[in-house]
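Structure first, then comments.
In listed order, ligands and their atoms are each counted from 1.
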Amino acid sequence: LTQKKRPSVVYLHAAECTGCSEAVLRTVSPYIDALILDTISLDYHETLMAAAGHAAEEALHEAVNSPEGFICVVEGGVPTIEDGAWGKVAGRSMLEICKEIVPKAKATICIGTCASYGGVQAAAPNPSHAMGVSKALGGVTTVNLPGCPTNPFNFVGTVVHYLTKGLPELDNEGRPVLFYGESVHDNCPRLKHFEADEFAPSFASEEAKKGYCLYELGCKGPDTYNNCPKVKFNQTNWPVEAGHPCIGCSEPDFWDEMSPFYEQ
Ligand code: SF4
Ligand code: SF4
Ligand code: F3S
């Protein structure tokens, strides 16, 4: 992986909260400095790059037109109403930028539920007509890594997989089966309590502290496909282990389809 010429990565921001960038900054295997200094060449990333203004735009232009090609990463949903005028970077709409750059990329990775399926800005009533990148661009193939935020393990794992073995196998939502092939519920440490009909009656209850199942408090783990219980965040913890129900953050339209998040 520490090859001489590191593959170029162009990281675009559309409508998002930058939480997925924040998560990637905290990757531990490898650490972010090893990732961007030894493994890839992060040629454009508005919130991480030192350059600003015209210099940043020039870096983007150079990377996109390099004969070696580039991998595109998109964070954020794409507003499409009024020809994308509701979301702009450097005077151009996010829709126009994605339309120009994504088709030129060797592969496009959508980091986060926003880029994958639209995310919170696509929740009803979706005033900006925000969509995931694939839908906004008429069905272009993207590798979707949903999660709000995406677990950095899944992002780095996908990049490494692409560099060593090519694109990973995807499910019918565009997610790598390797990371999203099982439900949260399948691997949950509280599953034995679910199977024994042992449910926590409230977040403050003794049963919740003892690790009883959070299903009756709103947990969406049975309908959510992600590897949180196996890899955790930063190999430390994940929502259900911390006592919070899974809200289904890696499923399409989860803000509308999975709410209310709490039942008590
Ligand atoms: Fe932020 Fe969530 Fe969208 Fe990531 S998926 S950019 S964390 S709102
Ligand atoms: Fe399934 Fe949620 Fe209960 Fe875990 S807490 S066993 S994911 S319903
Ligand atoms: Fe998201 Fe559920 Fe995992 S809320 S972080 S998919 S436990």
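- Annotation: ligand 3 has protein neighbours T224, N226, C228, F233, W238, P239, C246, I247, G248, C249, S250, each with a heavy atom less than 4.0 angstrom from the ligand.
- There is a side-chain donor-acceptor pair under 3.5 Å between E182 and N187.
- In the hydrophobic clustering, W86 connects to I81, either directly or through intervening members, whenever side-chain heavy atoms lie under 4.5 Å apart.
- For atom 4 (Fe) of ligand 1, the set of protein N/O/S atoms nearer than 2.8 Å consists of C20 SG, ordered by chain and number.
- Residue N65 places its CG atom among more than 12 non-hydrogen atoms of other residues, nucleotides or ligands, all under 6.0 Å distant.
- If you look at atom 1 (Fe) of ligand 2, the protein N, O or S atoms less than 2.8 Å from it are H185 ND1.
- Atom OG1 in T236 sits 10.0 Å away from atom CD in E241 (nearest 0.5 Å).
- Under a cut-off of 6.0 angstrom, the local environment of OH in Y215 is sparse, with at most 12 non-hydrogen atoms contributed by other residues, nucleotides or ligands.
- To the nearest 0.5 angstrom, I71 atom CD1 is 7.5 Å from I40 atom CD1.
- Residue Y44 forms a side-chain hydrogen bond (donor to acceptor under 3.5 Å, both in side chains) with just one option from E62, H13, E57, and that option is E57.
- Salt bridge R190/E198: absent, no basic N to carboxylate O contact under 4.0 Å.
- One hydrophobic cluster, built from ILVMFWY side chains closer than 4.5 Å, cannot hold both V143 and L12; they sit in different ones.
- For E75 and S21, the side-chain atoms include at least one donor-acceptor pair closer than 3.5 Å.
- Salt-bridge check for E206 with K209: passed, with a basic side-chain N closer than 4.0 Å to an acidic carboxylate O.
- A salt bridge does not link K88 to E96: none of the charged side-chain nitrogens sits closer than 4.0 Å to a carboxylate oxygen.
- Between R175 and E251, at least one side-chain N (NZ, or NE/NH1/NH2) sits under 4.0 Å from a carboxylate O, which counts as a salt bridge.
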